[in-house]
Protein chains: 4
Amino acid sequence: MADREELLVGDFPFVPKQERAQQKRNALLESGHSLFFSKGYEQTTAKEIAAHAGVATGTFYRYFSDKRQLLMALLEDKLDKLLPPEPTWVSCDPEALLASLLKAHNNRLQEVGLRRVLPELLPKDPELAEVLSAARRKIHGRILSGLKHASDSGLTWKDLDLDTVTWSIMVLAENGPEKGQQSGKQADFLELAKVMCRLVFPPDVLVKLRSKGSGPAE
Amino acid sequence: MADREELLVGDFPFVPKQERAQQKRNALLESGHSLFFSKGYEQTTAKEIAAHAGVATGTFYRYFSDKRQLLMALLEDKLDKLLPPEPTWVSCDPEALLASLLKAHNNRLQEVGLRRVLPELLPKDPELAEVLSAARRKIHGRILSGLKHASDSGLTWKDLDLDTVTWSIMVLAENGPEKGQQSGKQADFLELAKVMCRLVFPPDVLVKLRSKGSGPAE
Amino acid sequence: MADREELLVGDFPFVPKQERAQQKRNALLESGHSLFFSKGYEQTTAKEIAAHAGVATGTFYRYFSDKRQLLMALLEDKLDKLLPPEPTWVSCDPEALLASLLKAHNNRLQEVGLRRVLPELLPKDPELAEVLSAARRKIHGRILSGLKHASDSGLTWKDLDLDTVTWSIMVLAENGPEKGQQSGKQADFLELAKVMCRLVFPPDVLVKLRSKGSGPAE
Amino acid sequence: MADREELLVGDFPFVPKQERAQQKRNALLESGHSLFFSKGYEQTTAKEIAAHAGVATGTFYRYFSDKRQLLMALLEDKLDKLLPPEPTWVSCDPEALLASLLKAHNNRLQEVGLRRVLPELLPKDPELAEVLSAARRKIHGRILSGLKHASDSGLTWKDLDLDTVTWSIMVLAENGPEKGQQSGKQADFLELAKVMCRLVFPPDVLVKLRSKGSGPAE
DNA sequence: GATGAATGAGTGTTCATTCAT
DNA sequence: GATGAATGAACACTCATTCAT
């Protein structure tokens, strides 16, 4: 890859093999990520990933048993970053707060970039599906837990099923505005946040929260 | 293959060629549909579709210029069925009405079964993407128009962006409960309908509508 | 093909089957000819030939065992027309006479149009090659015989091998000017005739022949 | 495959990769050449060429983008060898000289062996046709230029069109005796040379040239 | 460890030929 | 006889994976 320097300088700094290996592995992961993202999974060949990472084809198979495994590694790497923090619903301005959370979450999604490959693979890779499903369950749990806090404080609608609301929020966040090029208008994050808040809080609660001034954040 | 009728009816001399051809074409469409659905588009070969339909490889190419064209034919066939009617929001029980609409829509989606292939192909087939995008725009338009009616009658929230609400309803309907195998809980249609109605009507409006008596909707 | 008329008129004129068959056979031959000519042999499919002749694919195989056989039939049909008459060398103006013969021959070649397919097939079809070789031997024989007449009358060069001269004349005629688009200049038939005559007659013989007056040729 | 050298020389450690690759490329070229020659272009499959060269199908496509490209490479390789030197007409024995040139040219043609494929491909590959046409124009130019020299020295017939003569010589040389298996007799090179010389020089000029003894070559 | 040339099963597609109607 | 739908072997070409160097 870029080992020429060592040869010139001698074996001096002696970068531990493991570290060099890690670099290569990361380069491959990174290349896989960017190629999967831009061309899709099936359309990306192992050779391309290797070339893009500056290593030989065979090297690819030293670090990953196959293309699929690289994807799984990618997922493990990135999936944690995808997990949003448990949202705080009770604040002086839940709408604005939620909007900023949504924006941040969307950026993470964008950066992770797996939206490009997942739909292609989920249906035919049950293991992958399970991994992802677990992640979604985790997210679902966090949101639900946040809602329960608010609900326990009597701040939410009484007639809505919290589970359904949770699920709705998650779906709306996942298919967030950014993806919405397809549908006509680009709803912006604040409007989306308002919609979500409407599902959670009766309007008067929002007014009350706002009037509290500096509501203590969780 | 599909000669069963003759067997039952006896030797009615001539099955018109066109009809036989239609039968074969349909068998291929059907096979394509079910294989695409179960294995995905890329993983399904023309040979397999032909075999599954009980014809030879070459026969496939008599009826369709290639795999993609079969998919497009499938889409044309099914896309109209996918279009939901413009929902009527104003009724004595919008929630129940909406729930039944959602259920019907979901059945259509299920039957059409393209959810399996579309995610795989959309990113790499701009024409297909355009066709679908147009369909979604149409749906979006219908929902929005329905909401406007209700809004003009002063029945809706005043502080929510109709476009965003429309988009939210569409997204929620598309990713409806059935798909929710992935996320833990299966929200049922009525709960989902309630959530949607909350986005549209203030609770007191719903009460008023209900009290109006038995207005028959659609 | 165009049998609908009979059905309307009844069995009245009763075109003998053989004749109708001949018509179809000829239509197929003609279609084969024109398609082979314009697209080459391999590039022409049996289906196309049938369609162009206005009959069904299967009908093709009633009249010809396969594509190759149609070509052979074509050859037999056309090869006789290809045979030039034994040229008369001794005339008052051999050059002009030869030029007109060349022109006529070239027209025949053009019309027959097999130059398009023969090169493609000769190397891989020994039987075809033999048929053609026989034809060429026949032509060679005719030219040689003509030359011998002239030679016996003492009109030709004495130091040239008649066989080689014959062969040269044949080759030049076959690759005649028309084909010469490829090489830069388009030699015209008279110049070519002069060249051929130079191979046969010493210049003074030509002068003598010319002075003989108007001997009618051929 | 072609490692015989190593076996003889011992284990000279590294056969440079490039050299191994060249060997394989050459083996493929050679296989292509011999298969095209014996079976024709269309009848030869890439798989066969690979098998004949002792490599796998995929390897073929490492060295050549497709079958056609291998042919083009073959042509480039061989076309230069095909170009005859500008013939020297003025010598003490033009006939003998020409005969030996013809023989040499014929050997080259034979070795190149493209006569087998060109007729098959020329009509349907305009690029190939252009490449070949250019080569022929070059040859035509060389011959014509040689003839002009002789003509300027007043050694040639005055009544023949030089262009036509040039073209005739070229055609005769191209369809040289060797190809003449098809026509009955095998004219030999000397006789053919005599014929060509007759087209260029009046007999008395030849006598004069011969009597000169050691005529200076060009 | 790293390389990249080699592999060969697998893909979509064509077309000469057959055969039920 | 005539039809044209059906056949299936064959082709050019790709790519995940292996392995000699």
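All chains are named by letter (A, B, ...) in the order of the sequence lines, taking the proteins before the strands, and each is independently numbered beginning at 1. Model, not experiment: these values are computed from the prediction.
Computed from coordinates, the A:Ile49 CD1 to F:dC15 C1' distance equals 12 Å when rounded to whole Å. Between the C1' atom of E:dT14 and the CD atom of C:Gln43 lies a distance of 12 Å, rounded to the nearest Å. Distance D:Phe64 CZ to E:dA6 P: 12 Å, rounded to the nearest Å. Across the protein-nucleic acid pair, A:Arg25 atom CZ and E:dG1 atom C1' stand 17 Å apart, rounded to whole Å. Across the protein-nucleic acid pair, B:Lys67 atom NZ and E:dG10 atom P stand 16 Å apart, rounded to whole Å. Atom OH in B:Tyr41 sits about 9 Å away from atom P in E:dG12, given to the nearest Å. Straight-line distance from the CG atom of D:Leu35 to the P atom of F:dA12: 12 Å, rounded to whole Å. When rounded to the nearest whole Å, the span between CD of A:Glu42 and P of E:dG10 equals 15 Å.
Contact between the side-chain N/O atoms of D:Tyr63 and the OP1/OP2 oxygens of E:dA6 is found at a separation under 4.0 Å. Regarding contacts with the backbone of E:dC15, every side-chain N or O of C:Lys47 stays at 4.0 angstrom or more from both OP1 and OP2. The shortest distance between the side-chain N/O atoms of A:Arg62 and the OP1/OP2 oxygens of E:dG1 is not below 4.0 Å. A close approach under 4.0 Å does not occur between any side-chain nitrogen or oxygen of C:Thr45 and OP1 or OP2 of E:dC15. Not one side-chain nitrogen or oxygen of D:Lys24 sits closer than 4.0 Å to the OP1 or OP2 atom of E:dA5.
Contact of the B:Leu128 side chain with the B:Leu71 side chain is registered, since non-hydrogen atoms from C-beta on lie closer than 4.5 Å. A 4.5 Å side-chain heavy-atom check between B:Tyr63 and B:Leu70 finds every atom pair outside the cut-off.
Closest non-hydrogen pair, D:Leu29 versus D:Ala73, comes out as CD2-CB, 4.0 Å. Of all heavy-atom pairs spanning B:Phe60 and B:Asp66, the tightest one is CE2-C, 3.9 Å.
Looking at the side chain of B:Thr59, the nearest of the listed nucleotides F:dC13, F:dT17, F:dT7 is F:dT7. Taking only side-chain atoms of B:Val55, from C-beta outward, the nucleotide of E:dA16, F:dT17, F:dT7 with the closest atom is F:dT7. For A:Tyr61, taking side-chain heavy atoms from C-beta onward, the closest of the listed nucleotides E:dG12, F:dT7, F:dT17 is F:dT17.
Each of B:Gly58 and D:Glu48 lies near DNA chain F, and the nucleotide nearest B:Gly58 is the one positioned closer to the 5' end. Judged by closest nucleotide on DNA chain E, B:Asp66 is the one of B:Asp66 and C:Ser65 placed further toward the 5' end. In terms of position on DNA chain F, the residue among B:Thr57 and D:Ala46 whose nearest nucleotide sits closer to the 5' end is B:Thr57.
Judged purely by atom type and a 3.5 angstrom limit, C:Lys67 uses its side chain to pair as donor or acceptor with the backbone of C:Thr44.
In summary, the side chains of C:Glu48 and C:Gln43 do not present any donor paired with an acceptor at a separation below 3.5 Å, with no hydrogens or angles considered.
Searching all strands for a Watson-Crick or G-U wobble partner of E:dG8 with both distances below 3.5 Å returns F:dC15. When Watson-Crick and G-U wobble pairs are counted only if both distances are under 3.5 Å, F:dA20 pairs with E:dT3.
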